[in-house]
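Chain A is the first sequence line, chain B the second, and so forth, proteins listed ahead of strands; every chain is numbered from 1. None of the values given here were measured: they were computed from a predicted structure.
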Amino acid sequence: MSTEARSNFLKTQIQSDLDGGQVEQLVTRFPPEPNGFLHLGHAKSITVNFELARRFGGRCHLRFDDTNPEKESQVFIEAIQEDVRWLGYQWDGEVRYASSYFQQLYDWALCLIDQGLAYVCDLTAEEAREYRGSLTQPGKDSPFRSRSVAENRELFEGMRAGQFSEGSRVLRAKIDMASPNINLRDPILYRIRMAHHHQTGGQWPIYPTYDFAHGQEDAIEGVTHSICTLEFEDHRPLYDWFIEHLPVPHRPRQFEFARLNTSYTVTSKRKLKALVDSGAVAGWDDPRMPTLAGLRRRGYPPAAIRHFCEEVGTSRSDSTVDVAMLESAVRNELNDSAPRAMAVLNPLRLTLTNVPEAEQLSVANHPNNEAMGSRPVPFTSELFIDAADFREEANKKYKRLVPGKRVRLRGAYVIEADRCDHDASGAVTRVYARIIEGTLGADPEDGIKARGVIHWVSAEAGVRAEVRCYDRLFNDPNPGKNDDVMSALNPDSLRVIGDAVLEPSLVEAAPEQVYQFEREGYFVADRFDHSAERPVFNMTIGLRDTWSAANA
RNA sequence: UGGGGUGUCGCCAAGUGGCAAGGCAGCGGGUUUUGAUCCCGCCAUUCGCAGGUUCGAAUCCUGCCACCCCAGCCA
């Protein structure tokens with residue numbers, strides 16, 4: 001069954017709301033706080049919201065939930081927009097900001113005060129914690145709970161006017177200090193913050209909390225289905241309480257799904273930051289990072305990430321998806337989209353003793369897609385092959401080059417190896433072989449077939465390049481389980497090859513273009529470091545390998 | 001130990017009283033000028049456990065167990 005056809009609780013809910021006429025047009029939103037870079041977990045939320053809107057003919061907003069100026073910045077606002085677009089989505093209309101609703105939110109706070117449903121509380125943070133009670137014990141009423149409407153209004157207006165110091169007072173909802181749901185024990189609506197806000201500058205000395213802001217933001221925008229993660233489930237009664245008691249123009253509903261967890265991956269901002277700060281990775285966009293910027297630099301196609309999020313499904317049960325599923329989506333996408341090319345990562349010189357002249361060969365860019373055309377590849381007497389593709393002695397299972405045996409040079413001739421040179425330590429330094437005449441595009445006439453196919457690059461025309469080979473960042477399938485992520489690091493997550501040799505066509509690669517280096521894997525021209533003068537490729541992912549593991 | 005959730009294959013996940021989908025991983029075979037791709041086949045007599053209702057239960061009822069979330073003036 002296609003992922004499009006597979007049902008989930010959100011699709012079922014939305015379909016029913018549409019069918020029953022409760023909702024005319026679906027409106028969702030992706031509401032990041034601009035306080036960090038987007039990662040795989042956000043990709044899931046983005047995909048859920050945008051795909052639902054697409055599927056049901058609705059719209060999806062991008063709204064920055066910017067209610068805490070001290071942690072946020074314009075840098076993230078721009079980076080987030082770029083990442084959402086890169087993933088392949090375009091939000092409906094302009095980018096929206098919670099901060100542009102601050103006046104409305106303030107007016108609604110006054111509305112609550114006037115109804116006797118909110119009050120200014122002078123308890124310190126520590127006192128408030130004590131009054132809140134515990135999981136098993138009810139809280140007790142704040143001594144400021146019974147202030148008059150007039151006094152509350154005056155005090156709150158004073159807060160807004162900047163008359164009080166940070167932390168000295170808050171505005172709280174008057175709900176129930178004995179509620180078994182701690183979120184209902186007179187939650188804070190507004191706090192005083194003398195901070196410069198990236199959007200509103202110095203306009204506001206008070207800022208609404210998530211709880212007071214979010215549902216009302218949804219109501220203002222006409223969001224019908226406000227989709228968030230499971231940890232907000234306990235907040236839903238509060239979300240509904242505000243909508244119930246305020247003259248909002250629309251009644252949104254909140255639905256929660258299980259956030260995406262992926263094996264061998266961390267997505268906690270704190271842990272990601274630790275990786276960057278410690279130098280374990282080169283930055284937030286290091287190709288090993290699960291940030292969208294990192295995945296992008298690694299060469300993961302946005303479509304692969306979208307498909308992965310869809311294939312994983314959307315449910316309410318906590319789970320950890322095997323990262324192999326992501327890798328499968330990446331290979332699946334790249335197998336179709338990546339042109340093939342040849343590059344030798346571990347060069348070994350091969351001399352063809354019966355090739356007098358250079359020749360220009362034409363090699364297909366994709367074995368199963370003629371539309372991708374072909375390219376010229378220079379064939380010369382001096383080549384490089386991969387050192388792993390030659391052995392002086394080997395059993396029958398080894399389908400590569402061995403003295404006295406034949407192998408096909410990909411897109412070129414069948415060759416037979418004769419001998420090799422060694423260095424002082426006995427390592428092979430050069431292999432001598434002959435081409436078998438008449439084997440360009442044909443099998444040998446003598447009926448002795450090649451045992452396998454290997455890739456190669458002309459030693460004369462080939463171009464030296466840096467190739468960065470990446471492996472999983474962590475050895476531990478659950479690196480986030482303890483506080484110390486460093487102990488779970490894979491020490492071999494990056495191997496830089498300085499002297500790889502590329503076929504000349506690769507020099508023209510545009511940054512971010514992904515190729516399949518035949519028989520090796522998928523490699524992307526680095527977004528920032530690659531140039532024709534100094535080619536740099538990052539390994540996106542290796543080809544599926546059912547042989548080396550079983551024959552190690 | 002209060003409240004809110006979740007348990008279906010190694011990992012995800014559909015299934016809403018009538019024969020337990022699909023993907024990933026794995027295994028076997030075929031094609032192949034990439035040990036890739038592609039193709040074919042195998043992979044849950046059983047749905048956290050125990051009772052009960054019913055002609056019939058993963059689906060309904062009762063009890064139990066396990067795991068996750070909540071005591072920020074973060075989101």
Side-chain angles (χ1 to χ4, degrees), chain A residues 1-3 5-8 12 31-33 35 65 67-68 70-71 121 123-125 128-130 132-139 166-172 179-185 187-193 207 209-211 213-214 228-237 256 258 263 308 310-329 331-332 335-336 340 342 363-364 366-368 397-400 407-412 414 439 441-443 450 452-455 477 516-521 542-548 550-551:
Chain A
M1 185 185 291
S2 73
T3 55
R6 176 164 38 135
S7 102
N8 66 44
T12 304
E33 184 187 14
N35 68 346
D65 212 358
T67 57
N68 187 4
E70 291 172 331
K71 296 190 174 176
C121 180
L123 252 26
T124 64
R129 191 183 321 126
E130 286 163 26
R132 195 152 37 228
S134 72
L135 293 179
T136 51
Q137 279 167 240
E166 250 182 55
S168 61
R169 289 180 224 267
V170 294
L171 181 73
R172 301 175 71 176
S179 172
N181 181 345
I182 291 179
N183 297 118
L184 263 21
R185 319 244 258 233
I188 290 168
L189 273 40
Y190 269 92
R191 64 301 211 191
I192 301 171
R193 284 287 175 276
Y207 292 92
T209 56
Y210 165 87
D211 281 323
H214 205 90
C228 61
T229 42
L230 249 26
E231 69 269 26
F232 291 100
E233 190 157 21
D234 288 346
H235 295 244
R236 195 169 66 223
E256 313 84 17
S263 63
F308 165 67
E310 291 264 88
E311 281 159 11
V312 150
T314 306
S315 77
R316 289 174 56 85
S317 52
D318 290 310
S319 60
T320 300
V321 175
D322 192 337
V323 74
M325 211 156 151
L326 206 212
E327 295 171 344
S328 165
R331 288 194 184 98
N332 200 31
N335 179 51
D336 291 339
R340 314 283 122 128
M342 291 193 284
V363 179
H366 197 291
N368 314 317
K397 282 164 72 180
Y398 185 76
K399 297 179 15 179
R400 310 178 194 181
V407 88
R408 159 79 65 183
L409 290 178
R410 176 68 161 160
V414 171
T439 55
D443 284 335
V453 180
I454 65 172
H455 57 101
Q516 184 195 107
F517 289 176
E518 294 214 45
R519 300 209 312 129
E520 293 286 359
L543 253 25
R544 201 165 80 94
D545 180 3
T546 52
W547 183 76
S548 64
N551 296 278

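- Here Gln516(A) lies in heavy-atom contact (under 4.0 Å) with a base.
- In this structure Glu311(A) satisfies the side chain to side chain donor-acceptor pair (under 3.5 Å) test with no other residue, sequence neighbours excluded.
- For G28(B), the base is anti relative to its sugar; the glycosidic angle deviates from 0 by more than 90°.
- Side-chain proximity of Arg519(A) to G35(B), C38(B), A36(B): nearest is G35(B).
- Among residues two or more places apart in sequence or in another chain, the ring-ring contact (aromatic ring centres under 6.0 Å, His included) test is passed with His455(A) by none.
- Shown here, C9(B) forms no base pair; nothing in the strands shown gives a Watson-Crick or G-U wobble contact with both key distances under 3.5 Å.
- In this structure, Gly441(A) reaches the bases: a heavy-atom distance under 4.0 Å links it to at least one base atom across the strands shown.
- Base pairing analysis places G2(B) opposite C70(B); the two distances defining the Watson-Crick or G-U wobble pair are each below 3.5 Å.
- If you check every strand for non-hydrogen atoms under 4.0 Å, Arg340(A) touches a base.
- Legend: residues meeting ring-ring contact (aromatic ring centres under 6.0 Å, His included) with His366(A), ordered by chain and number and at least two apart, are absent.
- Comparing the C1' positions of G35(B) and C68(B) gives a spacing of 43 Å, expressed to the nearest Å.
- Distance noted for atom P between U6(B) and U62(B): 16 Å (whole Å).
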Summarise how protein sits on nucleotides 69-75 of chain B as a single string, 5' to 3': B when a protein heavy atom is under 4.0 Å from the base, S for sugar-phosphate-only contact, - for no contact.
BBBSBSB
Produce a footprint string for nucleotides 8-14 of chain B: one letter per nucleotide, 5' end first; B if the base is under 4.0 Å from any protein heavy atom, S if only the sugar-phosphate is, - if neither.
---SSSS
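- Annotation: side-chain contact (heavy atoms from CB on, under 4.5 Å) contacts of Glu130(A) (sequence neighbours excluded): none.
- Between Phe232(A) and Tyr210(A), the angle of the ring planes lies from 30° to 60°, which puts this pair in the tilted group.
- Where Arg236(A) and Arg408(A) each meet RNA chain B at their nearest nucleotide, the meeting point lying more 5' is that of Arg236(A).
- Between C55(B) and U46(B), the two P atoms lie 24 Å apart (nearest whole Å).
- Atom-to-atom, CG of Leu543(A) to P of G35(B) comes out at 9 Å; the value is rounded to the nearest Å.
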